[in-house]
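One structure below.
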Amino acid sequence: TKTKKTGCTMKRQPRVNFIREQLELFQAEPNTTAEQLVQNFRLHYPNTASFASSISRFKSAVRKLGTASDSFLVQLKPTLEETAAVRAQSQKKLESKCKNSITLKDAGDNLIMYFRASLESMDLGELVMGIQACTGFRLVEAVCRGQINKPKLEHASTDDTYWAFVRGVVKKKGHFPGHERPFLHRREIIASAIQRLRTQHFPELQTGECDNTHVSRKSCKKVNRAINKSWPFPEVARVTSHFFRSFYVAATFHYFNRSSSLAQWCSDVLAHESLEASFPYTGLLVTGFGTLTFDSERRLQGLARLKF
């Protein structure tokens, strides 16, 4: 697919929907056999997993038409060898995720304090680490998409300054209004850090014309280099956005969760559309939480609460 880039706007040429194209072929030429359709998909999708997924979606669409026989539908499937290859590929991906599982003993609260301090840093890597670990934001959300406001709900067990109503979740569609999410530091400090990140390091990405793919391309390599240069803990060799978001899930689950399972909590705070999307973020085991408080420190000190 060719792309044309104008300023920050990435314009893509329209792409033919192959499944719809084959569905129209099936309706226009009733004599087309299942084997011919399967072969069309096999030639169009060199990747076996993409082929298997697409032929399955095509089969569902044909079934909804109600014009195909059961014997015809049975033939719309990959071969046994192709099915085995897809399963082997899925198992390999699962094993890779398991290898990335990390256990950090007695490090929880120390890391929270490190990430809190990073929010005040002028270093790009430390600043991004602090924002992602304290908010659970994806990189695109931290750089330009995420919006934080005062919470709309009451949070009796913790101070409302550690909660925010978050908009701009990039994996949600435009109709998603936002959701409540806890933070590992006070909201006004995180808002200041995000503003500093955007104005000092990525001012050119703050226009509404930049799509998520363009923002990722312009920021990902720069941020990853800065993080690898700044990360001070060699026991965690591979630090990515996934690691910081996993830590956010583990820390907020300990301090803010009251009744959910870890997977459900992860799905809620990261605004995932399914529990399955949350499982990769539950492989980080962290101990050493419990010495911090997220009650109203200002209230306990008798100081007026700041408004944001």
Side-chain angles (χ1 to χ4, degrees), residues 1-98 138-141 145 168-177 208-218 220 242 263 267 270-281:
T1 302
K2 295 182 180 180
T3 61
K4 293 182 179 181
K5 177 178 165 185
T6 305
C8 283
T9 304
M10 302 290 289
K11 295 183 178 180
R12 297 179 178 274
Q13 295 182 353
R15 184 177 60 180
V16 175
N17 188 318
F18 187 74
I19 295 177
R20 184 169 63 244
E21 182 184 77
Q22 294 301 299
L23 193 62
E24 292 172 353
L25 172 65
F26 167 74
Q27 292 175 298
E29 301 181 18
N31 294 328
T32 304
T33 66
E35 290 82 359
Q36 290 174 328
L37 291 168
V38 171
Q39 184 62 16
N40 290 345
F41 276 85
R42 187 176 286 115
L43 294 174
H44 187 78
Y45 295 99
N47 181 279
T48 305
S50 298
F51 157 68
S53 174
S54 299
I55 196 65
S56 176
R57 290 164 55 195
F58 174 74
K59 182 177 180 179
S60 298
V62 172
R63 182 183 287 113
K64 289 181 180 179
L65 293 176
T67 58
S69 64
D70 291 340
S71 60
F72 182 90
L73 292 172
V74 167
Q75 298 176 65
L76 292 176
K77 63 180 181 179
T79 64
L80 293 177
E81 292 78 9
E82 289 168 334
T83 302
V86 172
R87 290 177 178 174
Q89 185 178 4
S90 298
Q91 182 65 26
K92 186 176 180 180
K93 288 183 178 180
L94 179 61
E95 292 174 355
S96 177
K97 291 180 180 178
C98 292
R138 296 176 178 86
L139 181 59
V140 173
E141 295 164 354
R145 290 286 181 262
V169 179
V170 300
K171 289 298 181 70
K172 292 285 187 177
K173 302 300 181 183
H175 63 269
F176 182 65
E209 297 178 350
C210 300
D211 63 20
N212 295 329
T213 301
H214 180 72
V215 173
S216 296
R217 288 174 178 171
K218 290 296 183 180
C220 190
H242 183 97
S267 179
L270 297 185
H272 287 154
E273 295 184 346
S274 65
L275 284 178
E276 288 77 9
S278 300
F279 293 150
Y281 293 90

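Position 1 is the first residue of the sequence, and the numbers go up from there.
Between F176 and V169, the closest heavy-atom pair is CE2-CG2, 4.0 Å. The minimum heavy-atom distance linking L139 with C220 is given by the pair CD2-CA, 3.8 Å. Considering every non-hydrogen atom in both L275 and S267, the closest pair reads CD2-CB, 3.9 Å.
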- Task: Starting from the C-alpha separation in whole Å, work towards a yes-or-no answer on side-chain contact (heavy atoms from CB on, under 4.5 Å) for V38 and T79.
- Result: CA-CA 10 Å; V38 171; T79 64; over 6 Å; no
- Message: Would V62 and T67 count as a side-chain contact (heavy atoms from CB on, under 4.5 Å) here? Give the steps.
- Response: CA-CA 8 Å; V62 172; T67 58; 5.7 Å; no
- Item | L37 vs F72, side-chain contact (heavy atoms from CB on, under 4.5 Å): CA-CA, chis, key distance, verdict | CA-CA 11 Å; L37 291 168; F72 182 90; 3.7 Å; yes
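Put simply, CD on E21 and CG on L23 are 11.0 Å apart, with the number rounded to the nearest 0.5 Å. L76 contributes atom CG, which lies 8.5 Å from atom CZ of F41 (distance to the nearest 0.5 angstrom). Atom-to-atom distance recorded for H44:NE2 and I19:CD1 is 9.0 Å, nearest 0.5 angstrom.
Counted within 6.0 Å of CG on L43, heavy atoms from surrounding residues, nucleotides or ligands total more than 12; the atom is thus considered enclosed. Within 6.0 Å of atom CZ in R87, 12 or fewer heavy atoms from other residues, nucleotides or ligands are found, so the atom counts as exposed in its surroundings.
Under the 30°/60° scheme for interplanar angles, the aromatic rings of H272 and Y281 are found to be tilted.
Formation of a donor-acceptor pair under 3.5 Å by the E141 side chain with backbone atoms of R138 is found in this model. Side chain of H242 to main chain of P280: a donor-acceptor pair is present (N/O by atom type, distance under 3.5 Å, no hydrogens or angles). The backbone N or O of T33 lies less than 3.5 Å from a partner atom in the side chain of Q36, making a donor-acceptor pair.
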Identify all side-chain donor-acceptor contacts of residues 48-61 below 3.5 Å with residues at least two apart in sequence or on another chain.
residue: S50; atom: OG; partner: N47; partner atom: OD1; Å: 3.4
residue: S54; atom: OG; partner: S50; partner atom: O; Å: 2.9
residue: K59; atom: NZ; partner: L73; partner atom: O; Å: 3.4
residue: S60; atom: OG; partner: S56; partner atom: O; Å: 3.2

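A salt bridge links E82 with R42: the distance from a Lys NZ or Arg NE/NH1/NH2 to an Asp or Glu carboxylate oxygen falls below 4.0 Å.
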